[in-house]
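What you see is a predicted model; the values in this text were computed from it and never measured.
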Amino acid sequence: MIIYTNTGNPFGLKLLICANLAKKNVLVKNVTLNDPVLGDMKHLPVLQLDSGVQLFSTDVAAKYLLQDEQEAAVVLRDEWLEWSSKRLAPALTHNMAVGSRADPNTKPILNTLVKMLDDCLSTRTFLTGDKVSSADVAVWSLLAPDGTLKGAVNIDNLLRWYRQLSNLPEVQDALTVLPLKELSFASLQHSNRFGGLHHVVLNPEIADFEGELLADTSANIAETVQREEIDAARAAFDEVDDRAVRDEPRIVLPKSGQKNNLITSALPYVNNVPHLGNIVGCVLSADMFARYSRLCGYNTLYIGGTDEYGTATETKALAENLTPKQICDKYFDIHNSIYRWFGIGFDYFGRTTTQEQTRIVQELFKELYAAGFIETRSVEQLLCQKCDRFLADRFVEGTCPHPGCGYEDARGDQCDGCGKLVNAVDLLRPRCKICNTSPVIRDSNQFFLDLPRIEPILREWVDSSDGGWTHNARVITRAWLKEGLKSRCITRDLKWGIPVPLEGYENKVFYVWFDAPIGYISITSRYCKEWQQWWRPDTENTGVKVDLYQFMAKDNVPFHSVMFPASLLAVNKGYTLVSHIMATEYLNYEDGKFSKSRGIGVFGNDAQETGIPADVWRFYLGAARPEGQDSSFSWSDLQARNNNELLKNLGNFVNRALVFCEKFFDSTIPAMTLIEEDLKLLALINRELKGYVNQMERARMRDGIRHLLQISRYGNQFMQSEEPWVKVKGTDDQKARAGTVIGMCCNFACLLATLIFPFMPTTARNLYDQLNVRGGFINSEKPLLRTLLPSGHRIGKPAILFTKIEDSRIEELKKHYAGQQQEKDKSPAPASKAPSEAAVQRVPSLKEAQKAVDEQAAKVRKIKSSGADRSVWQPEVNTLLDLKKQLQSLGQPRTSESAPTAQGGNTAKPVPSKQQVASPNKPEAATEGSDTNAVKALEEEIAQQGDKVRRLKASSSDKSVWQPEVSLLLSLKQKLASLAGVPEATQTSSGKKKGKK
């Protein structure tokens with residue numbers, strides 16, 4: 001049997017424990033909802049029986065696994081199973097939610113449910129009697145995730161039962177497979193198509209218990225703290241953390257016996273401006289982890305840069321009328337300045353257009369070639385005879401070859417119309433993007449990396465290494481391996497790239513997918529001459545172990561998990577291989593997509609113009625990081641997180657603590673005499689500190705932020721309940737107590753300064769200055785709070801850390817980046833219409849009209865491919881549309897270049913009369929002569945198209961193959977009818993019919 005579940009799902013743990021109790025052998029597989037094994041089920045977990053039958057109800061599956069339960073208790077068991085699934089699970093889901101999903105009305109309901117459990121267990125050992133049942137397992141699994149019983153008080157029976165189940169060998173065995181620390185109700189968001197259990201509406205009538213078993217005060221929460229936690233908290237806080245802040249060496253090198261983290265972020269192309277999704281997907285996530293890594297004292301090297309070779313660069317250079325080198329220089333500076341503003345702390349930010357890159361790439365190729373891992377194959381490519389060059393994918397456009405599509409501007413690698421991949425040689429009516437002429441097919445010899453030969457050692461490596469990868473990285477890689485690897489072309493007939501170092505192949509360059517990942521190595525070699533200590537550490541002889549963390553969006557995974565490691569494994573020179581692939585999903589913009597051309601979304605250079613500090617952007621992107629599924633940037637969410645989590649929670653607590661210290665204790669940390677309740681609070685903070693470290697070690701930024709904000713909440717609750725502003729004016733004992741409270745809160749603030757440093761480095765440094773300390777540390781092995789600011793320490797001047805973002809400002813930003821502003825701004829003045837109108841009058845003949853349309857279409861494609869704003873290309877599109885209308889009115893058959901863009905009702909419009917389109921400066925006979933020629937040309941094209949349709953119908957019964965050609969034939973016949981004087985009503989009817997197809 002197999003249990004298919006997603007990471008952290010408590011219902012998956014429920015099934016595994018039941019299987020262990022039943023002594024059944026089961027295999028646990030972590031999958032996502034999109035895994036093909038689930039088919040249309042779209043629900044996790046699923047228990048798949050040996051027969052292949054899948055049980056998606058965990059209650060049914062639990063009863064199937066434990067069929068020999070006591071017959072007398074079956075009814076009671078079923079009631080508890082239903083209670084756990086329909087009442088307890090939704091209540092816990094709502095209660096554990098954060099942000100906009102949090103439900104403040106859940107607490108009374110959960111109080112009642114916990115009371116019911118405790119009352120039941122006051123008379124029974126287990127829920128259904130004196131033996132463990134599937135009901136006990138179901139409830140225990142839901143209470144197992146961290147934080148479910150926060151604030152629990154007077155539940156001795158429940159706690160006794162909970163510990164009793166926790167100690168069962170079957171439970172302990174299950175937790176080795178599905179670790180307790182990974183359990184989270186947030187995982188349920190990815191367990192079904194409804195986003196978890198948030199759609200389940202809680203019944204407020206359940207809340208019939210008026211007491212508070214799960215109160216929100218620190219005192220009540222502290223009741224869950226164990227004695228060993230208190231003793232550990234006391235021992236740790238008695239120690240003063242007086243370590244000097246470590247100054248990072250100028251050159252960071254790995255050391256034997258220490259943790260050495262080599263961190264890279266995917267190298268972005270230099271043909272665009274990165275948007276927020278690009279930034280959080282690689283460079284910002286890597287920077288947050290690198291800063292955390294340095295706080296822990298790990299030897300940390302963070303390498304980044306830009307990917308500068310390939311067709312994307314050449315295409316951009318053509319669009320902007322620059323050389324590829326000039327484009328690279330321009331966009332390298334743009335990327336660099338954006339990352340600097342965001343506070344990205346690369347140890348070295350380089351580029352791939354360097355001598356070091358050329359040397360290392362060519363050396364690696366020679367080693368692969370010598371070892372027999374390179375093949376030579378002849379491949380068909382498109383050759384532009386006018387440009388005298390083979391055309392790479394991005395230099396070719398044409399009609400999509402996929403049945404049923406027919407999109408006329410498909411690229412040589414992918415069709416934007418249907419989204420499918422395309423081979424350039426398969427395009428219908430292909431054209432060169434540079435000169436707009438039709439290329440021809442020619443054979444060209446290219447080099448291929450023999451991946452099938454490398455596959456066995458690659459599979460073995462993946463099996464032993466992917467434990468540190470994100471789930472999506474594992475799934476994507478396994479999918480590639482499951483299909484079986486195929487040889488991949490690594491060279492191209494281009495000019496802008498690293499030349500192939502073999503005689504006779506000097507005019508070929510390496511494919512960017514082969515060359516770009518090697519950039520991590522070459523950029524490191526630019527950083528220091530000892531680069532091989534990081535990339536070829538010779539662990540066996542030096543004892544140096546390097547952990548390679550690579551951050552990227554999921555679309556980059558195959559290049560880092562298959563292609564790049566395959567090359568390094570094949571040469572067998574002891575290269576460092578990736579141990580942790582940290583791949584994000586996609587960040588969307590307000591539930592849509594970022595689009596520079598349409599002015600939709602916030603791009604790197606836009607963020608600075610909003611006036612919102614870079615640290616707030618960093619914090620928000622870390623909190624909204626798409627770790628398990630796609631997430632969306634939202635202006636309202638950004639405002640809420642700034643105003644509530646930063647300003648009211650974190651900023652309010654820190655400022656109050658420091659201001660009180662300044663005002664009542666002369667900016668000096670007072671003596672601290674801790675009582676039992678203080679130690680319980682320290683224990684709770686240590687829990688959050690451990691959680692923070694546990695999540696950050698796995699680069700889970702969102703959960704790291706959640707834990708640090710909880711520490712701040714504890715601090716706010718502590719100050720509110722102790723009221724030091726009252727006690728400081730009372731008796732000597734009360735004044736001393738106020739001093740203890742303020743001293744502890746200032747220490748909490750110092751801890752928070754360190755914990756926020758990976759996310760908000762400028763804010764953290766500001767807070768360090770206010771606290772008068774140089775910096776902080778994290779002891780990842782023993783994450784316990786020590787005294788950071790001892791009595792007598794003088795703090796600096798308190799200041800406000802965050803400012804409120806007003807509703808009016810958010811509304812302005814929403815409008816500005818919604819893409820609509822360009823529609824409003826582009827309203828043309830009357831004079832601006834003149835060029836378009838003049839253009840209509842300047843092309844009286846069909847030949848001139850066709851030429852004008854082709855030239856204008858090429859111009860539009862060139863501008864759009866450059867990523868220019870809509871305000872730049874829209875006027876040119878308007879001109880193109882005018883030219884196309886005139887061409888159509890003159891009766892010229894539509895070609896791939898002159899086809900009008902999708903304009904729903906164009907075919908239904910009556911054709912303008914000759915008087916409407918003829919030039920006033922030409923005799924009408926010229927137009928009539930043009931029409932006669934047009935009829936002849938059109939009849940010839942109709943004859944050719946008719947032959948093509950007949951051949952297709954004869955060779956294929958698939959309608960999707962020949963239907964697009966039939967539609968084109970009908971369109972041509974309609975135009976012929978228009979030229980022949982068919983009545984307007986007939987044309988309109990034909991147009992409507994076509995519109996329905």
All heavy atoms of Ser567 vs all of Leu368, minimum pair found to be O-CD2, 3.7 Å
Next on the checklist: Taking Asp409 first and then Arg431, would you say they form a salt bridge - that is, a charged N and a carboxylate O separated by under 4.0 Å?
Outcome noted: yes
- Query: Going by heavy atoms in the side chains, are Ile327 and Leu322 under 4.5 Å from each other?
  - Reply: yes
Stepwise side chain to side chain contact (heavy atoms under 4.5 Å, CB included) check, Lys495 with Asn507: CA-CA 7 Å; Lys495 296 179 180 178; Asn507 292 330; over 6 Å; no
Any side-chain heavy-atom pair from Leu383 and Ile441 closer than 4.5 angstrom?
no
One should read off an interatomic distance between Tyr511 OH and Leu449 CG, to the nearest 0.5 angstrom, of 13.5 Å
Between Phe365 and Phe447 (judged by ring centroids, cut-off 6.0 Å), do the two rings come close enough to count as a pair? yes
Tightest non-hydrogen contact, residues Ser487 and Glu375, listed as OG-OE1, 2.9 Å
Checking the side chain of Thr491 only, and the main-chain atoms of Lys508 only, is there a donor and an acceptor separated by less than 3.5 Å?
no
Given 3.5 Å as the limit, does a donor-acceptor pair link the side chain of Lys386 with the main chain of Cys432, or not?
no
With a 4.5 Å cut-off on side-chain heavy atoms, are Val396 and Leu427 touching? yes
Heavy-atom nearest pair, Ala852 first then Leu883, reads O-CD1, 3.7 Å
Nearest heavy-atom approach of Cys328 to Thr313 is SG-CG2, 3.6 Å
| message | Does either side chain, that of Gln381 or that of Ser444, offer a donor lying less than 3.5 Å from an acceptor on the other one? | response | yes
_Glu408/Arg429 under salt bridge (Lys or Arg N to Asp or Glu O under 4.0 Å): CA gap, chis, key distance, verdict_ = CA-CA 9 Å; Glu408 295 178 337; Arg429 295 180 287 278; 5.3 Å; no
**Asked** Within the side chain of Gln357, is there an N or O that forms a donor-acceptor pair under 3.5 Å with the backbone of Thr354?
**Response** no
ask   = Do His335 and Tyr269 have their ring centres less than 6.0 Å from each other?
value = no
Is Trp513 reaching over with its side chain to a backbone N or O of Cys489, donor-acceptor style, under 3.5 angstrom? yes
For Thr306 and Val270, the nearest pair of non-hydrogen atoms, with its separation, is CB-CG1, 3.2 Å
Between the main-chain N or O of His275 and the side-chain N or O of Asn278, is there a donor-acceptor pair closer than 3.5 Å?
yes
Is there a donor-acceptor pair closer than 3.5 Å between any side-chain N or O of Trp496 and the backbone N or O of Glu308? yes
Residues Thr352 and Leu267: closest non-hydrogen pair is CG2-CD1, 3.9 Å
Q) For the side chain of Glu506 and the backbone of Gly504, is there at least one donor-acceptor N/O pair under 3.5 Å apart? A) yes
* For Pro499, does its backbone N or O pair with a side-chain atom of Gln362 as donor and acceptor, under 3.5 Å? -> yes
(Q) Taking the side chain as everything from C-beta on, heavy atoms only, tell me whether Asp450 gets closer than 4.5 Å to Ile374. (A) no
Could you check, using the six-membered ring where one of them is a Trp, whether Phe510 and Tyr309 have ring centers closer than 6.0 angstrom?
no
task = Quick one: do Asp329 and Gln326 satisfy side chain to side chain contact (heavy atoms under 4.5 Å, CB included)? Show the steps, please.
result = CA-CA 5 Å; Asp329 292 343; Gln326 290 171 327; 5.7 Å; no
Q: Could you tell me whether a side-chain N or O of Asp606 sits under 3.5 Å from a main-chain N or O of Phe603, the two making a donor and an acceptor?
A: yes
